[in-house]
Amino acid sequence: MFGDDDFPAYTMGRAAEIVGASPDFLRRLDEAKLFTPFRSAGGHRRYSRYQLRLAARARQMVDDGTALEAACRIIILEDQLDEALHHNERHQRRTGAA
């Protein structure tokens with residue numbers, strides 16, 4: 001399970017430390033709908049490695065001067081494009097299309 005990029009293994013404090021941001025920054029990413037962290041039975045946020053990669057990308061973009069909302073939208077669109085390209089590749093391999 002810890003090898004799974006989607007497993008919510010990191011507490012908010014540890015996630016903030018790994019990303020190099022504050023817990024408030026992670027809350028703002030949730031509010032901006034970049035991702036929705038898993039909630040433990042006690043209601044605490046837990047983050048996956050995949051979410052931490054997105055958060056690190058957002059932090060870098062914000063540090064470079066991009067507004068948080070814009071950074072989140074860009075990352076969401078990039079992620080959607082990447083998924084569509086992978087889906088298209090899988091489809092082409094199955095159908096033998098070039």
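Computed over heavy atoms, backbone and side chain alike; hydrogens, waters and symmetry mates excluded.
Across all non-hydrogen atoms, the minimal contact from Ala58 to Ala71 is O-CB, 4.5 Å. Ala9 and Arg46 make their closest contact through O-NH2, 3.1 Å (heavy atoms, listed as atom of the first residue, atom of the second, distance). When all heavy atoms are compared, the tightest approach of Ala16 to Pro23 is CB-N, 3.8 Å. Between Arg59 and Gly20 the shortest heavy-atom distance is CD-O, 3.2 Å.
A salt bridge links Arg14 with Glu17; the closest basic N to acidic carboxylate O contact falls under 4.0 Å.
Summarising the geometry, atom CZ belonging to Arg28 is positioned 8.0 Å from atom CD belonging to Glu69; distances are rounded to the nearest 0.5 Å. To the nearest 0.5 Å, the span separating OG1 on Thr11 from NE2 on His44 amounts to 10.0 Å. Here the straight-line distance linking atom CD of Glu89 with atom CZ of Arg94 works out to 12.0 Å at 0.5 Å rounding. Note: His86 NE2 to Glu83 CD = 7.5 Å, rounded to the nearest 0.5 Å. Distance check: Arg27 CZ to Ser22 OG gives 7.5 Å after rounding to the nearest 0.5 Å. Note that CG of Asn88 and CZ of Arg93 are 10.0 Å apart. Values are rounded to the nearest 0.5 Å.
Take Leu85 and apply the side-chain contact (heavy atoms from CB on, under 4.5 Å) test, not counting sequence neighbours, and it matches Leu81. For Arg57, the side chain to side chain donor-acceptor pair (under 3.5 Å) partners are Glu78, not counting sequence neighbours.
Other members of the cluster containing Tyr50 are Tyr10, Met12, Ile18, Val19, Phe25, Leu26, Leu29, Leu34, Phe35, Tyr47, Leu52, Leu54, Met61, Val62, Leu68, Ile74, Ile75, Ile76, with ILVMFWY side chains joined at under 4.5 Å, either directly or via other members.
The salt bridge (charged side-chain N to carboxylate O under 4.0 Å, His left out) test with Arg53 singles out one residue from Asp6, Asp5, Asp79, and that residue is Asp5.
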